[in-house]
Amino acid sequence: MENINQLLAVKRQKLEKLKNIGVDPYPTRSARTHKIKVLIDNKDDYISSEEVVTITGRLKAMRRQGKVGFGNIADDSGNMQIFVKKEKVGEENYEVFKLLDLGDFVQIKGVCFVTQRGEFSIRAHVVTVLGKSLLPLPTVKEKIVDGKKQRFDEFTDIELRYRKRYLDLLLNPEVKQTFEIRAQIIKEIRSFLDEKGFMEVETPILQSLYGGANARPFITHHNTLNIDLYLRIALELYHKRLIVGGIERIFEIGKNFRNEGMDRTHNPEFTMLELYQAYADYNDMMNITEDMILHIAKKVFNKDVVIFGDTEISFKKPWKRASMTELIKEESGFNASNFDFEKIKKFCEDNGIEVEKTAGPGKLIEALFEKFVEPKLIQPTFVIDFPKEVSPLAKVKPGHPNLTERFELFINGNEYGNAFTELNDPVDQRERLEAQSKLREMGDTEANVVDEDFLEALEYGMPPTGGLGIGIDRLIMLFTNNTSIKEVILFPQMKPEE
RNA sequence: GGGGGUGUAACUCAGCGGUAGAGUAUCUGCCUUUUAAGCAGAGAGUCGACGGUUCAAAUCCGUCCACCCUCACCA
């Protein structure tokens, strides 16, 4: 505490000194003429023309030596050496330069040149303070060894990185790059869907009933209406209302909130893409999933593969499509396709899978799938034909009363997407939601609730529809080779300090 | 929730029963082409918190807190 007070006091003193010599440490205007990258990309031109340019940025390094000093400033395009000579800027301006600290925002007006050591630099005519910092930035130094950047005293404390993401972005360039890629991926999703005629929509986050997924919600309260409201756990039910309303292709990229455990693939708020297409089914959704992810890979990375850890994931079409019971048979040798509850139950128990009292054969089949199959699905795989029991919003597969036209996309052992041929029969939908409601009464806190308003919408008539949801954060983890969701969310949930 | 790990200066870390350490950053002095600038000097710490053992605790023990890893739970 003493120490930080001391560092802080020094910075405040410098602030006062600047004011005393008539310098505004927080001027209202700046006057940049060039971004740093522009100068670097056209070095030779700026050196030979001796054009007077003005750059701005944060002071990231300082090497003073008496009547001359070197520093580095960075804007969002690059980093450049500055050279300040007392003789050139004059006595008064050199005093200003001497009062600068690492972390301050500065403006340098001058001309480009190359130093004796061969570094492209700007020779200052005028040094201007744009924003004085009052807290010291952690210091990271870099040295180039054999052409490779070696970094010293890196800012690596994971907790600090997440809690003070602004410092993380400032000091760790690869972190900034991750979020640039995130933005590009989302932009490419939008442009892909726009191209295909999907309209972007926004639906309520505050909902008086929640649905569309099996999850526990966050609850909040609206004072004027004096009612409890839920933060949405999925986008699904409102999107279907829009399909009822005659919009044939819609999508939304937005936050969902689930009041559940947190780990390296779960954050309580996370970003979901959902899209719905009238007159389509789950086969169309598989095609669109393949095309969209391949589109991202090509547009953002100019490749049709991605390296995740030691594994090369290929997005080349077609991706494997296999039914859940087929895959279970392949991996465990057990045939569950006849939905024989007693046999399945016994096989589960023999394999150490806990059987909940509300579970029927469908739920057990899903449990077998998770145990035997999921971790083995490394290359993109559409797992199709889920049990009806665990798919209350999906349409039954013709000729297979226990199955639905539903798939989940697995890559690298993780789920990335979920899609169905949507259930548009209002009578069937009511029965399924009521069955969920019974499970709920028996203690399943994640079962769906009956949403009368949604059912009423279905009763007005919904066309045959395909729907798809993709977890955006996980997709970005895949493309940026990150194993923790906290690395792809700017401000991940943390416990408050103290 | 179970198991494992980490927490010491602003940053990165060493110390692991006997006076709290290093590099960077900061401050002072010298330095007109440096680049992890250099040289000389200085200041800077409730050793995560609270208890206990001990003549003596950053160090050993216990409880708690935060974060990380892992298993379980969960999309």
Side-chain angles (χ1 to χ4, degrees), chain A residues 1-11 13-14 60-72 79-89 94 101-103 113-121 123 133-145 149-164 167 171 212-216 233-234 256-268 270 272 352-354 356 366-367 370-371 374 390 408 410 414-418 444-446 469-471 473-474 483-487 492 494-498:
Chain A
M1 210 57 196
E2 266 316 297
N3 187 27
I4 191 73
N5 284 341
Q6 183 195 39
L7 293 176
L8 205 141
V10 166
K11 282 173 161 273
Q13 279 165 23
K14 288 183 181 173
K60 302 268 275 198
M62 182 67 103
R63 298 173 292 280
R64 283 186 231 270
Q65 19 178 339
K67 296 186 179 65
V68 71
F70 296 86
N72 284 80
N79 180 316
M80 181 170 181
Q81 179 164 270
I82 63 169
F83 175 63
V84 182
K85 198 174 179 180
K86 189 173 186 178
E87 213 170 64
K88 183 75 191 173
V89 300
Y94 202 75
D101 287 309
L102 295 181
F113 76 112
V114 175
T115 64
Q116 285 178 7
R117 293 288 182 91
E119 180 154 344
F120 180 63
S121 308
R123 186 194 312 273
S133 65
L134 293 179
L135 283 171
L137 284 178
T139 44
V140 177
K141 297 207 168 189
E142 287 179 348
K143 184 185 186 180
I144 295 175
V145 181
K149 259 188 193 168
Q150 198 178 336
R151 298 170 72 196
F152 299 83
D153 298 339
E154 291 187 89
F155 182 71
T156 52
D157 184 289
I158 288 175
E159 186 179 351
L160 276 179
R161 285 186 46 230
Y162 296 155
R163 287 194 193 278
K164 300 187 192 296
L167 294 180
L171 300 168
N214 296 338
R216 283 154 61 188
I233 59 171
N256 283 345
F257 306 84
R258 298 189 183 174
N259 205 341
E260 290 170 350
M262 292 162 60
D263 61 30
R264 68 181 196 290
T265 56
H266 297 84
N267 195 62
F270 62 99
M272 191 82 171
I353 295 170
E354 204 178 311
E356 291 167 46
E366 195 181 36
E370 284 168 11
K371 181 180 169 82
E374 247 188 56
V390 294
E408 287 191 345
F410 284 85
N414 286 310
E415 188 209 326
Y416 285 81
N418 183 17
D444 183 348
T445 53
E446 292 178 355
I470 289 182
D473 307 289
R474 288 185 188 174
T483 53
S484 168
I485 199 168
K486 289 189 165 81
E487 293 291 345
M494 304 284 281
K495 273 198 197 175
E497 289 176 287
E498 293 164 341

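We name chains A, B, ... by the order of the sequence lines, and we start the count at 1 in each one.
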- Item | First of A:Gly66 and A:Thr483 reached from the 5' end of RNA chain B, by closest nucleotide | A:Gly66
- Note on the structure: Sorted by position of nearest nucleotide on RNA chain B, 5' first, the leading residue of A:Ala215 and A:Met262 is A:Met262
Would you please confirm or rule out a distance under 4.0 Å between OP1 or OP2 of [N] and any side-chain N or O of [X]?
X: A:Lys85; N: B:U32; value: no
X: A:Lys141; N: B:C11; value: no
X: A:Arg216; N: B:C74; value: no
X: A:Arg63; N: B:U34; value: no
X: A:Arg117; N: B:U35; value: yes

Pairing partner (Watson-Crick or G-U wobble, both distances under 3.5 angstrom) of [N]:
N: B:C55; answer: B:G18
N: B:C74; answer: none
N: B:G43; answer: none
N: B:U34; answer: none
N: B:U6; answer: B:A66
N: B:A25; answer: none

[X] has an atom [atom1]; how far is it from atom [atom2] of [N], in whole Å?
X: A:Leu135; N: B:A25; atom1: CG; atom2: P; value: 18 Å
X: A:Asp263; N: B:A72; atom1: CG; atom2: C1'; value: 11 Å
X: A:Arg161; N: B:U12; atom1: CZ; atom2: P; value: 11 Å
X: A:Leu7; N: B:A9; atom1: CG; atom2: P; value: 13 Å
X: A:Glu260; N: B:A72; atom1: CD; atom2: P; value: 17 Å
X: A:Leu134; N: B:A10; atom1: CG; atom2: C1'; value: 14 Å
X: A:Lys67; N: B:C30; atom1: NZ; atom2: C1'; value: 10 Å
X: A:Lys495; N: B:G7; atom1: NZ; atom2: P; value: 20 Å

[atom1]-based separation of [M] from [N] [nearest Å]:
N: B:C69; M: B:C27; atom1: C1'; result: 41 Å
N: B:A25; M: B:A42; atom1: C1'; result: 14 Å
N: B:A44; M: B:A20; atom1: C1'; result: 13 Å
N: B:G5; M: B:G18; atom1: C1'; result: 29 Å
N: B:G41; M: B:C68; atom1: P; result: 43 Å
N: B:C13; M: B:G7; atom1: C1'; result: 13 Å
N: B:C50; M: B:C65; atom1: P; result: 15 Å
N: B:G1; M: B:C64; atom1: P; result: 11 Å

Have a look at [X] and say if it touches a base, only the backbone sugar-phosphate, or nothing, with a 4.0 Å heavy-atom cut-off.
X: A:Thr265; answer: nothing
X: A:Lys486; answer: sugar-phosphate
X: A:Glu374; answer: base
X: A:Asn214; answer: sugar-phosphate
X: A:Lys60; answer: nothing
X: A:Gln65; answer: base
X: A:Arg64; answer: base
X: A:Tyr416; answer: nothing
X: A:Asp157; answer: sugar-phosphate
X: A:Glu366; answer: nothing
X: A:Met494; answer: sugar-phosphate

To the nearest 0.5 Å, what is the distance between [atom1] ([X]) and [atom2] ([Y])?
X: A:Gln81; Y: A:Lys60; atom1: CD; atom2: NZ; answer: 15.5 Å
X: A:Asn72; Y: A:Glu119; atom1: CG; atom2: CD; answer: 6.5 Å
X: A:Phe270; Y: A:Arg474; atom1: CZ; atom2: CZ; answer: 8.0 Å
X: A:Lys14; Y: A:Ser133; atom1: NZ; atom2: OG; answer: 9.0 Å

- Task: For the pair A:Arg264 and A:Glu487, evaluate salt bridge (Lys or Arg N to Asp or Glu O under 4.0 Å) and give the outcome as yes or no after the intermediate values.
- Result: CA-CA 9 Å; A:Arg264 68 181 196 290; A:Glu487 293 291 345; over 6 Å; no
Indicate yes or no: at least one non-hydrogen side-chain atom of [X] is less than 4.5 angstrom from one of [Y].
X: A:Met494; Y: A:Lys486; answer: yes
X: A:Glu374; Y: A:Glu408; answer: no
X: A:Leu167; Y: A:Phe155; answer: yes
X: A:Asp473; Y: A:Asn267; answer: no

[X], nearest nucleotide to its side chain (from [options]):
X: A:Glu159; options: B:C74, B:A37, B:A66; answer: B:A66
X: A:Phe155; options: B:C27, B:U70, B:C11; answer: B:C11
X: A:Phe83; options: B:C73, B:U34, B:U33; answer: B:U33
X: A:Thr156; options: B:A66, B:C27, B:U12; answer: B:U12
X: A:His266; options: B:C74, B:C27, B:A25; answer: B:C74

- Go through the N and O atoms of the side chain of A:Glu119 and the base of B:U33, and report whether any donor-acceptor pair is under 3.5 Å.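 Donor-acceptor pair under 3.5 Å: no.
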- Query: Per the atom types in the model, does the base of B:U33 pair as donor or acceptor with the side chain of A:Arg123 at under 3.5 Å?
  - Reply: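 Checked by distance alone, the answer is yes.
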- Message: Can a donor-acceptor pair be found, under 3.5 Å and without considering hydrogens, that links the side chain of A:Tyr94 to the backbone of A:Val68?
- Response: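 Side chain of A:Tyr94 to backbone of A:Val68, a donor-acceptor pair under 3.5 Å: yes, one is there.
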